[in-house]
2 protein chains.
Amino acid sequence: MAHATIRDVARRANVSVASVSRALNGHDNVRPELREKVKVAARELGYVPHAGARSLSLARAHAIGVMLPDLHGEFFSEVVRGMDRAASARGLQLLLSNMHADPEQAVDAVRTMRGRVDGLVIMAPDIDTATLIEQLSPSLPAILINSRSDTPDRPRIRVDNEAGAEAMVDHLVDTGYRHIVHIAGAACNAEAADREQGYRRAMRRHDLEPRVIAGDFTEEGGAKAAEALLADRRGADAVFAANDMMAIGALVALRDAGIAVGREIGIAGFDDIPLARLISPGLTTMRVNIADIGASALNRIAAIVDGDDDTDSEFRHPELVVRASTSRRAEQ
Amino acid sequence: MAHATIRDVARRANVSVASVSRALNGHDNVRPELREKVKVAARELGYVPHAGARSLSLARAHAIGVMLPDLHGEFFSEVVRGMDRAASARGLQLLLSNMHADPEQAVDAVRTMRGRVDGLVIMAPDIDTATLIEQLSPSLPAILINSRSDTPDRPRIRVDNEAGAEAMVDHLVDTGYRHIVHIAGAACNAEAADREQGYRRAMRRHDLEPRVIAGDFTEEGGAKAAEALLADRRGADAVFAANDMMAIGALVALRDAGIAVGREIGIAGFDDIPLARLISPGLTTMRVNIADIGASALNRIAAIVDGDDDTDSEFRHPELVVRASTSRRAEQ
DNA sequence: CTGTTAGCGCTTTCAT
DNA sequence: ATGAAAGCGCTAACAG
């Protein structure tokens, strides 16, 4: 049997559909008696309102679309957790969409979201989505997380990746490391570029020779980079990977190669995913508080949708977390 | 400026809305010339169809609702990754909803999904949702993953947790461990119960004394259990945790306590999350192939929605993965 | 091939 | 306080 509609309920309760709507939505201009009658009828029919129709009529979907890059592992789950927490606190649903590399798909995904969400959270450090999105859906509010393009008119949340990377290099140098190799993130990725930039700047400041190995933000990429490093070490005594997953891949690879991580070679990452604490030795990293960014993004887009228009950008500063992977003995 | 509607496009192209709809949806009964005119008008106006209205009219939302328990970490991301992969391959959107313990919220979440999704994937080993869901939304297709209740009429995907746990105990015994302690999963959780059941059965079969410490599926829970174990060891030489996160928590705790994991105490988990391979020593576990379950669930609900009604349940058998955490020397 | 129109299920004026 | 009716944006008969 098909689903009961508001009309069925009205018929059964011998009232108009308008009254059913009012009664069920808790308006106060309904006699208690009628409201009760409607509720009974609704229950008997197993009536559940059709959210799609409702949102068409209200011009409000009570849902937020989320576009994420094809993230792996904990970074992904942390972001989503944060968003979900904020969303359900506000009674909003989350429409999720991962981008599988292809910008075409991103466009498509956004298109199919229009009319089904009230706003968008977009995390797309790989693509130049900002202008893209605007072309696609003007008047659909969106907030960007760590996006590459500089659209000052769209609200954004950014992490100060460059300063974070600089701080990490400073820490490594303080600890006594000198030949610090950077494993870069994916090419074309805004965050990767910023972190590499920070690394280079700090190395220059310390009068040290930079050395960058290409990477891709994945664990395998980190492992490969570590192998490349082992094959051609050139006195390297520390690895600073552009994110934790690569740092962990490198750490495991070096560990398996019999190298005393922390001592013989220091390793550092970026993000502070939960795993960073669990790996052995614990991974020194820059804490970004991923879930918090997710929650914050969602709260801000919700506020914007509600008309509380605060369009200033947010700039977050990651925080150094020192663990055993950079525990070089005091004497260098 | 507000969003352009199909009417605006029609007006601008000097055609009827029906023609616009046909032209844009690629129907073949449109003169190429007219189609082009429509496309131009649509582009000029930045027209993006309103998916909500579309799905109301089509009685098809092209979206699947996903309800997950409040999962942490990689289990969550793996499931969602699998679903997302399958969904975007089929052109479906994913409406995500985590349940925050409270069954009330689960009910609510499902209610607000009605009329906005074509089907539901529900993973709720904690709650007796099956009947619940049916009451809430008869005629909304749903597939259950590892649900507790036995509703034979709903399609399900289950993991043979009991057999998996038995297999793990067998492996531990084969390897030479005898005093195997089980860290149980969350109370009221169907999977936890099955795994404990399997553990007990296998221990009985081997004529060994079972010992169960309560847990909750979290890393902290595993760490606490390990501490309890250290405080009152009673000759325990192996720990079999009901999932990997707890196993890892225990592993780290024992490692930090200076115990040679694998040798002095064997540790095993369940799920084979990516992290299991990365931790040191590598964690012996039962591989469940989480992402695959997600993808499979999504594909099946999509098939059901499309009318390809295959309502038989699926029963998956986890697979033993041996790593260093149970590498007791041959001589016991 | 194209336009007119009914209707998807709901909310909300506008009357009464 | 309640009902009748318009309309949210779209698609799909039905005519022509």
Side-chain angles (χ1 to χ4, degrees), chain A residues 2-39 41-42 45-63 111-118 137 139-140, chain B residues 2-39 41-42 45-63 111-118 137 139-140:
Chain A
H3 233 108
T5 77
I6 197 173
R7 213 120 65 192
D8 300 325
V9 179
R11 198 157 10 221
R12 177 163 195 124
N14 267 313
V15 297
S16 72
V17 291
S19 291
V20 174
S21 173
R22 285 189 281 252
L24 259 29
N25 289 317
H27 293 202
D28 47 1
N29 50 350
V30 248
R31 253 186 344 193
E33 178 192 359
L34 187 149
R35 190 193 303 275
E36 200 45 44
K37 207 165 54 172
V38 167
K39 281 191 172 168
L45 291 171
Y47 170 70
V48 182
H50 187 290
R54 193 147 194 277
S55 75
L56 180 60
S57 157
L58 287 171
R60 225 26 163 50
H62 293 288
R111 285 181 72 94
T112 53
M113 279 190 175
R114 129 91 174 147
R116 147 179 307 187
V117 300
D118 301 321
S137 30
S139 84
L140 180 57
Chain B
H3 233 109
T5 76
I6 195 172
R7 212 121 64 194
D8 300 325
V9 179
R11 197 157 13 220
R12 177 162 196 125
N14 268 313
V15 298
S16 70
V17 290
S19 291
V20 175
S21 173
R22 285 189 283 251
L24 260 29
N25 289 318
H27 293 204
D28 46 0
N29 49 349
V30 235
R31 251 185 345 184
E33 176 192 0
L34 187 149
R35 190 192 302 275
E36 201 44 45
K37 207 165 55 172
V38 168
K39 280 190 172 170
L45 291 171
Y47 170 69
V48 182
H50 189 292
R54 194 146 194 278
S55 74
L56 181 59
S57 159
L58 287 173
R60 222 33 159 51
H62 292 289
R111 284 180 71 95
T112 53
M113 280 191 174
R114 129 92 175 149
R116 140 179 314 186
V117 300
D118 300 322
S137 29
S139 84
L140 181 57

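Here is the naming used below: chain letters follow the sequence lines, and residue numbers restart at 1 for every chain. None of these values were measured; they are calculated from a predicted model.
Side-chain contact between B:Arg35 and B:Lys39 is present, with at least one heavy-atom pair separated by less than 4.5 Å. Considering only heavy atoms from C-beta on, B:Leu24 stays 4.5 Å or farther from B:Pro49 through its side chain.
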Item to complete: Mind running side-chain contact (heavy atoms from CB on, under 4.5 Å) on B:Thr5 and B:His50 for me, showing each step along the way?
Response: CA-CA 8 Å; B:Thr5 76; B:His50 189 292; over 6 Å; no
Discussion item. side-chain contact (heavy atoms from CB on, under 4.5 Å) for A:His62 and B:Thr112? Distances and angles first, verdict last.
Written reply: CA-CA 9 Å; A:His62 293 288; B:Thr112 53; over 6 Å; no
Discussion item. Please evaluate residues A:Arg22 and A:Val15 with respect to the criterion side-chain contact (heavy atoms from CB on, under 4.5 Å), reporting the C-alpha separation (whole Å), side-chain torsions for both, the decisive distance (0.1 Å), and the verdict.
Written reply: CA-CA 11 Å; A:Arg22 285 189 281 252; A:Val15 297; over 6 Å; no
Worksheet item: Under the side-chain contact (heavy atoms from CB on, under 4.5 Å) criterion, do A:Arg11 and A:Leu45 qualify, and how do the steps go?
Response: CA-CA 11 Å; A:Arg11 198 157 10 221; A:Leu45 291 171; over 6 Å; no
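At whole-Å resolution of the value, NE2 in A:His27 and P in C:dC10 are 14 Å apart. In this structure, B:Glu33 atom CD and C:dT2 atom C1' are separated by 13 Å, rounded to whole Å. Here the C1' atom of nucleotide C:dT11 and the CZ atom of A:Arg7 are 13 Å apart, to the nearest Å. Whole-Å rounding puts the A:Asn29 CG to C:dC14 C1' distance at 13 Å. If you take CZ of A:Arg22 and P of C:dC14, they are 14 Å apart, rounded to a whole angstrom. We find that NE2 of A:His50 is positioned 17 Å from P of C:dG7, with the value rounded to whole Å.
As judged by a 4.0 angstrom heavy-atom cut-off over every strand, B:Ser19 is placed among residues touching the sugar-phosphate backbone only. Contacts of B:Leu56 with the nucleic acid, taken as non-hydrogen atoms under 4.0 Å apart, include base atoms. Using a 4.0 Å heavy-atom distance criterion, B:Ala59 is classed as making no nucleic acid contact.
Bracketed by its first and final contacts, the part of DNA chain D lying under 4.0 Å from non-hydrogen atoms of chain A reaches from D:dA1 to D:dG9 in 5' to 3' order.
In this model, the phosphate group of C:dC8 is not approached by any side-chain N or O of B:Arg54 to a distance below 4.0 Å at OP1 or OP2. In this model, the phosphate group of C:dT2 is approached by a side-chain N or O of B:Arg31 to a distance below 4.0 Å at OP1 or OP2.
The residue among B:Ser57 and B:Leu34 whose nearest nucleotide of DNA chain C is located toward the 5' end is B:Leu34. With DNA chain C read from its 5' end, the first of the two nearest nucleotides for B:Val17 and B:Arg114 is the one closest to B:Val17.
Around the CZ atom of B:Arg60, the shell of radius 6.0 Å holds more than 12 heavy atoms that belong to other residues, nucleotides or ligands.
Of the candidates C:dG3, C:dT11, C:dT5, the closest approach to any side-chain atom of B:Ser16 belongs to C:dG3.
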